[in-house]
Amino acid sequence: MTGFASLRGGAEGLPGWLWEMRSVNGKGLDLRLRLPEGIEGLEPALRARLAARIARGSVSVSLRLSRGAGGEALRVNAAGLAAAVAALAQAEAAAQGTGLQVAPVSPAEILGLRGVLEQGAEAEAPDNAALQASLLADIEPLIDAFDAMRATEGAALASLIGSQIDRVAALAAEARVAADARRDQAASNLRAAMARVMTAEICADPARVAQELALLAVKSDVTEELDRLDAHVVAARTLLAAPGPVGRKFDFLIQEFMREANTLCAKAGNPALTGIGLDLKHVIDQIREQAQNIE
């Protein structure tokens, strides 16, 4: 299921940071982490926490440290300052030698000269253990925000799939009506076929002919397929209402839905029943696409 969350954090004496977490559809759980180097033990701890909360999807988690927020400070480059002051004095002396008046230069202007101020790391590097603990403390809130977004999407998805399952149930009911209407015509066709065989010049055993015709009638019966479709509808509704991850189970159930729809089309022998079977396959395929978003 798709989702996104981000979280900013920081602590005294430590760099600032930004967590970002996003996911797209996937059959299994695929964790992709982009973490700064030098924080030992962060990746395995992060993987363990993510795997405990997320069951499915291609999940990407990135961490960016903002060293300037707390890990770097401005400092005066003594050599650069001396060079800048010397250059200013030389320029002032040259200007006065030609009779030009030079305005006084303020300290702020001197500090603004290139090479005078620079960013440098603080004397002490941040403690790795403290940084890791602070970063991991943000993981649960990050996953909570991520899950909240996915829950909103999941509610809309459940409503959509629920309406599609209702459509499958309605088509299965139409198929029963069409199958009942087909039964009388099928019986008449079988009787006509038997009469043609019995009046043919070839010698046919009436009992054997009746047995074969009865077998054809059984093979064309779709009652079992419709019963199984009804059972699958109940199972699908139960899964939608169940807590926890159900995506894999839904994948298997959709395969069973499609198997019954294919068999129904193969046995139809009737334009109306064939049309219903094709509509069933279309709706089931739509459910299959949406089910890829279910965790």
Side-chain angles (χ1 to χ4, degrees), residues 1 25-28 56 154-198 204 207-242 244-295:
M1 184 180 296
N25 305 335
K27 292 185 177 180
R56 196 181 190 199
L157 187 61
S159 176
L160 174 60
I161 294 179
S163 65
Q164 292 170 334
I165 292 172
D166 291 343
R167 178 59 178 157
V168 169
L171 287 170
E174 291 180 22
R176 287 188 184 277
V177 174
D180 289 339
R182 184 197 63 167
R183 185 173 293 112
D184 293 339
Q185 183 62 44
S188 176
N189 291 340
L190 287 175
R191 285 193 296 268
M194 186 173 181
R196 288 195 299 271
V197 171
M198 297 306 297
R208 179 63 178 173
V209 172
Q211 183 181 3
E212 292 296 330
L213 292 176
L215 184 60
L216 288 174
V218 171
K219 287 183 176 181
S220 64
D221 184 61
V222 295
T223 302
E224 290 186 6
E225 286 72 24
L226 295 176
D227 288 343
R228 284 192 289 266
L229 276 174
D230 289 341
H232 296 338
V233 166
V234 174
R237 288 170 174 164
T238 301
L239 282 178
L240 279 181
V246 296
R248 290 182 180 274
K249 293 181 180 179
F250 229 103
D251 284 344
F252 292 125
L253 185 58
I254 296 304
Q255 294 177 23
E256 297 303 313
F257 267 113
M258 189 60 76
R259 181 176 291 109
E260 303 307 331
N262 285 332
T263 306
L264 178 65
C265 288
K267 288 185 174 182
N270 174 276
L273 198 53
T274 298
I276 294 172
L278 293 175
D279 287 342
L280 272 169
K281 293 178 65 173
H282 177 66
V283 176
I284 293 168
D285 195 55
Q286 289 179 329
I287 299 176
R288 187 208 307 275
E289 292 179 2
Q290 297 299 335
Q292 299 302 312
N293 296 314
I294 301 177
E295 181 175 347

Evaluate the side-chain contact (heavy atoms from CB on, under 4.5 Å) criterion for residues L240 and I165: first the C-alpha distance (whole Å), next the side-chain angles of each, then the deciding distance (0.1 Å), finally the verdict. CA-CA 10 Å; L240 279 181; I165 292 172; 3.8 Å; yes
With sequence neighbours excluded, what pairs up with [X] under the side-chain hydrogen bond (donor to acceptor under 3.5 Å, both in side chains) test?
X    : answer
E224 : none
R259 : E256
Q255 : none

Write out all pairs satisfying ring pair (Phe, Tyr, Trp, His ring centres under 6.0 Å) with one or both partners inside residues 256-277, taking only residues at least two apart or from two chains. H232-F257
Not counting sequence neighbours, list each pair that qualifies as a side-chain hydrogen bond (donor to acceptor under 3.5 Å, both in side chains) and has a residue in residues 273-282. N262-K281, H282-Q286
Minimum heavy-atom separation for [X] and [Y], please, with both atom names.
X    : Y    : answer
F250 : A236 : CE1-O, 3.9 Å
A178 : L273 : CB-CD1, 3.9 Å
G277 : L264 : CA-CD2, 4.1 Å
A169 : R237 : CB-NH2, 4.0 Å

Got [X] and [Y] here, is their nearest side-chain heavy-atom distance under 4.5 Å?
X    : Y    : answer
L171 : E174 : yes
V233 : D166 : no
L280 : L229 : yes

Side-chain atoms of residues 156-164: list all donor-acceptor pairs with protein atoms under 3.5 Å, sequence neighbours left out, distances to 0.1 Å.
| unit_1 | atom_1 | unit_2 | atom_2 | d |
| --- | --- | --- | --- | --- |
| S163 | OG | L160 | O | 2.6 |

Could you state the interatomic distance from CZ (R288) to CG (L253), rounded to the nearest 0.5 Å?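 It is 11.5 Å, given to the nearest 0.5 Å.
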Chi angles and distances behind the salt bridge (charged side-chain N to carboxylate O under 4.0 Å, His left out) call for R248, D251: CA-CA 5 Å; R248 290 182 180 274; D251 284 344; over 6 Å; no
